[in-house]
Asks: 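Could you have a look at this structure, given as C-alpha cells, before my questions?
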There are 2 protein chains.
Amino acid sequence: MTSSVSRPSRVAKLPPRERILDAAEELFQAEGIQRVGVQAIAERAETTKMAIYRHFETKDALVAEWLRIVAAEYQAAFDRVEAEHPDHPRDQILGLARFIAHGLPRISHRGCPFVNSLAELPDKAHPARQVIEQHKARQTARLIGMCAAAGLADPGQTAAEITFVLEGAQVSMQNGSVDHVADRLMRTVERILDHA
Amino acid sequence: MTSSVSRPSRVAKLPPRERILDAAEELFQAEGIQRVGVQAIAERAETTKMAIYRHFETKDALVAEWLRIVAAEYQAAFDRVEAEHPDHPRDQILGLARFIAHGLPRISHRGCPFVNSLAELPDKAHPARQVIEQHKARQTARLIGMCAAAGLADPGQTAAEITFVLEGAQVSMQNGSVDHVADRLMRTVERILDHA
DNA sequence: GCCGTGTGATACCGTTCGGTATCGTAAGAA
DNA sequence: TTCTTACGATACCGAACGGTATCACACGGC
C-alpha cells in the first residue's frame, strides 16, 4: 500500500536508469549542470539518490553519459539528413543547416548543451569534455567531407565558414542579439555555398 | 608588524575594491562563476569576505559589475577601431574582426565571458543578464550601422552574417573543432563583405 | 518453497557555499 | 587630539552539496 496508487504520472514506468537519464536531460538542459543537484534528479525521476549511484559511479559520469546520448542523437539526425540526399553533398549541407535552424526555438532559452557544458567544465580532465571534443571532431570531419564531395575549391575553409555560422547562429539565438535567426542562417549558408 | 613586510606581491596595493574586481576577473574567467567562491576571491585579492560584502551587496552584484567592466572594455576597443578608420566603414568592420581574431588565443582555453556567463545564469532575472543583453544589442546596432554606411544592399543580413561568424569563431576556438581559426575568420569576413 | 538481486526510503557524513555578526585597529579630517 | 570611517581577522549561521550506510521489501529464477 505504499506506492501502488501513489504516482501513475509516467505511464508504464520505464526502468530506473532510463528515468534517471530522462530527468537529467531535462534538468541539465533547463538549468545547467552545476545548479542541478543529484537529489533533484532523483525526485524528478521518481526514485532516490541511492538508485542513481547504483547506475552511475559519480555525478560526473552521469553528465558524461547524458552528453554521449545527446551527441548520438545529433549524429543520428545527421545520418538521416545525409541519407535523404545521397550523392548530393550540397543538399546534404543545406539539410544540416535546416536541421540546426529547426532546432533553434528549442535552443533559444538555454543554448547549445555542448557550449553550455564546456562553460561549466573548466578542467580539461573531465570525462564529459572528451565526449564533446570527439563529437565536434566527427562533425567537422563530416562537414569537410561533404564540402570536398561537392567539389568546392577549398573544403577546409568552406567547412570552417559553415561551422562558424552554425555555432554563431545558436549563440546569437540564445543572447537575442539577432532577429529572424533561422531565416538569416539559411540565407547565409546558401550564400557561402554559392560563392565558395 | 602585521603586514608591512608580509606581501609586497602587488606593488603599491590598489584600493580593496579594485583588487576585488581584479581577482574576480581572473577567477571568473579561468574557472567560471559558480565554481569560484567568495572566499577564494577574497584570498586572491588579499582581503576578506567581509570587505567584499562591504563593496558589493551580493555575489550576483559582483558578477554583474565584472561583466559591466568587460563590456566597457569591448566597447572601448570598438570605439578605438572605429576611430582608426573614419569614414571607411568597410575597414572598420575588418578592424572589428581583427580585434576578435587577435583575442582568440586568450579565449582558446576558456571561451567568451558573455557566452559562458549566459550558460551559468539560466534565470532571466539575474542582474548580469541585462548587462549582457544590452552589450550585445549595442554591438549589433553598431555593426548594422557600419554595414549601412558601407552601402551594402542588406545591412541587417550582412550584420547578422558577420555576427554569426564572429561568435562562431570564438566557440570553435574553444572546442578546438577548427584549425587556424584566426586566419579563417579573417578570410570569412572578407568574403562576406566582398559578396554582400 | 527459497534466495539473490535490484529497488525505494531514510538517515547520515564531511565539506563548501553565500552571507552575517563582532571586534580591534589604522588612517584621515576636524 | 578626538572622532569617524574603512579595513582586516575570525567565528559563525543555515542550507545545500556529493556521496555513503543501512534496512525493508518486491520480484524472478530455480
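Just so it is clear, the model here is predicted, and its values are computed rather than measured.
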Asks: In whole Å, what is the span from the CD1 atom of Ile52(A) to the C1' atom of dC17(D)?
Replies: 14 Å
Asks: Would you call Asp79(A) and Arg142(A) a salt bridge, taking side-chain N to carboxylate O under 4.0 Å as the test?
Replies: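 Judged by the 4.0 Å cut-off on N to carboxylate O distance, Asp79(A) and Arg142(A) do form a salt bridge.
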Asks: To the nearest Å, how far apart are Ile41(A) CD1 and dG19(D) P?
Replies: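 Whole-Å distance recorded here is 11 Å.
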Asks: Look up atom CZ in Arg68(B) and atom CD in Gln134(B), then write down how far apart they are to the nearest 0.5 Å.
Replies: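 Here the rounded value is 8.5 Å.
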Asks: Quickly work out the Ile33(B) CD1 to dT16(C) P distance and round it to whole Å.
Replies: 21 Å
Asks: Between dT20(C), dG19(D), dA9(C), which nucleotide gets closest to the side-chain atoms of Met50(B)?
Replies: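 When the side chain of Met50(B) is considered, dT20(C) is the closest of dT20(C), dG19(D), dA9(C).
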Asks: Which nucleotide wins on minimum distance to the side chain of Arg54(A), given the candidates dG18(C), dG8(C), dT10(D)?
Replies: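 Nearest to the side chain of Arg54(A) among the choices is dG8(C).
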Asks: Where the side chain of Pro16(A) is concerned, which of dT20(D), dG19(C), dG8(C) is the nearest nucleotide?
Replies: dG8(C)
Asks: Taking only the side-chain nitrogens and oxygens of His55(B), find out if one of them lies under 4.0 Å from OP1 or OP2 of dC7(D).
Replies: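 His55(B) to dC7(D) OP1/OP2: side-chain N or O found under 4.0 Å.
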Asks: Salt bridge or not for Arg17(B) and Asp22(B), using N-O below 4.0 Å?
Replies: no
Asks: Both Val36(A) and Pro15(B) contact DNA chain D. Taking the nearest nucleotide for each, which residue is further toward the 5' end?
Replies: Pro15(B)
Asks: Given atom CD of Glu43(B) and atom P of dA9(D), what is their separation to the nearest angstrom?
Replies: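 The answer, rounded to whole Å, is 11 Å.
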Asks: Grab the two heavy atoms, one from Pro122(A) and one from Glu31(B), that are nearest each other, plus how far apart they are.
Replies: CG-O, 3.6 Å
Asks: If you check the Lys59(A) side chain, which of dG18(D), dG8(C), dG18(C) turns out closest?
Replies: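 For the Lys59(A) side chain, the nearest candidate turns out to be dG18(D).
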Asks: Can you check the Gln39(A) CD to dA11(C) P distance for me, whole Å?
Replies: 12 Å
Asks: Tell me: CG of Asp60(B) to P of dG18(C), nearest whole Å?
Replies: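 Taking atom P of dG18(C) as the reference, CG of Asp60(B) is at 10 Å.
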Asks: Does a nitrogen or oxygen in the side chain of Arg19(B) sit under 4.0 Å from OP1 or OP2 of dG8(D)?
Replies: yes
Asks: Examine dG8(D): is either OP1 or OP2 under 4.0 Å from a nitrogen or oxygen in the side chain of Thr47(B)? Give yes or no.
Replies: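 True: Thr47(B) side-chain N/O within range (under 4.0 Å) of dG8(D) OP1/OP2.
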Asks: Name the closest nucleotide to the Lys49(B) side chain, picking from dG8(C), dG19(C), dG18(D).
Replies: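 Closest nucleotide to the Lys49(B) side chain: dG19(C).
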Asks: Salt bridge between Arg129(A) and Asp60(A), side-chain N to carboxylate O under 4.0 Å?
Replies: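 Salt bridge flag = no for Asp60(A) with Arg129(A).
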Asks: CZ of Arg17(B) versus P of dT5(D): gap in Å, rounded?
Replies: 20 Å
Asks: To the nearest Å, give me how far apart CZ (Arg35(B)) and P (dG18(D)) are.
Replies: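 Distance check: Arg35(B) CZ to dG18(D) P gives 11 Å.
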